[in-house]
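This structure is a prediction, so every number in the text was calculated from the model and none was measured.
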Amino acid sequence: MDQDKIQAIQDYLKKQFPDADHENKEDVQTMSQLFRIVTEEHVMLASVSRELIDDESAEVIMSRIERWDVVSLLKQHPEETVVVTSKGSSIVPR
């Protein structure tokens, strides 16, 4: 996967959750990049599909993440995984 695109997503999440610890890793099972955001209260997860990262530019990816309000979904569903694909975002139980 394109590390510049992954870094753009990571930087955006760091900006939105400045007091959190951030990690990301490739999840081979789900064919996605998993972003882990650790706050005092929660461990939030966002899974961004490899297809979206591979097929779109960083600008398009970031536009979709903002349009689909992924940050609000993470805040509203901190105990679930926010999945982001080329078709949209969804909430999946862990």
Would you say [X] and [Y] are hydrophobically clustered, going by side-chain heavy atoms of ILVMFWY under 4.5 Å?
{"X": "M62", "Y": "I37", "value": "yes"}
{"X": "V71", "Y": "V48", "value": "yes"}
{"X": "W68", "Y": "F17", "value": "yes"}

Minimum heavy-atom separation for [X] and [Y], please, with both atom names.
{"X": "Q33", "Y": "I53", "result": "CB-CD1, 3.8 Å"}
{"X": "V92", "Y": "E80", "result": "O-CB, 3.5 Å"}
{"X": "S89", "Y": "L73", "result": "OG-CD1, 3.4 Å"}
{"X": "R94", "Y": "V43", "result": "NH2-O, 2.5 Å"}
{"X": "T85", "Y": "S49", "result": "CA-OG, 3.5 Å"}
{"X": "I6", "Y": "F35", "result": "O-CE2, 3.8 Å"}

Reported [atom1]-to-[atom2] distance for the pair [X] and [Y], which is rounded to 0.5 angstrom:
{"X": "D55", "Y": "D2", "atom1": "CG", "atom2": "CG", "result": "12.0 Å"}
{"X": "K14", "Y": "D21", "atom1": "NZ", "atom2": "CG", "result": "9.5 Å"}
{"X": "L74", "Y": "T81", "atom1": "CG", "atom2": "OG1", "result": "9.5 Å"}
{"X": "I9", "Y": "H22", "atom1": "CD1", "atom2": "NE2", "result": "13.5 Å"}
{"X": "Q76", "Y": "D69", "atom1": "CD", "atom2": "CG", "result": "7.5 Å"}
{"X": "E66", "Y": "S72", "atom1": "CD", "atom2": "OG", "result": "11.5 Å"}

Below 4.5 Å, heavy atoms only, C-beta onward: do [X] and [Y] meet side chain to side chain?
{"X": "D19", "Y": "T39", "value": "no"}
{"X": "D27", "Y": "S47", "value": "no"}
{"X": "R64", "Y": "V84", "value": "no"}

Flag, side chain of K5 to backbone of L52, donor-acceptor distance under 3.5 Å: no
Pair R36-N24, side chain to side chain contact (heavy atoms under 4.5 Å, CB included): steps then yes or no: CA-CA 6 Å; R36 188 170 183 253; N24 77 77; over 6 Å; no
Heavy atoms from other residues, nucleotides or ligands near CD of E79 exceed 12 (cutoff 6.0 Å): yes
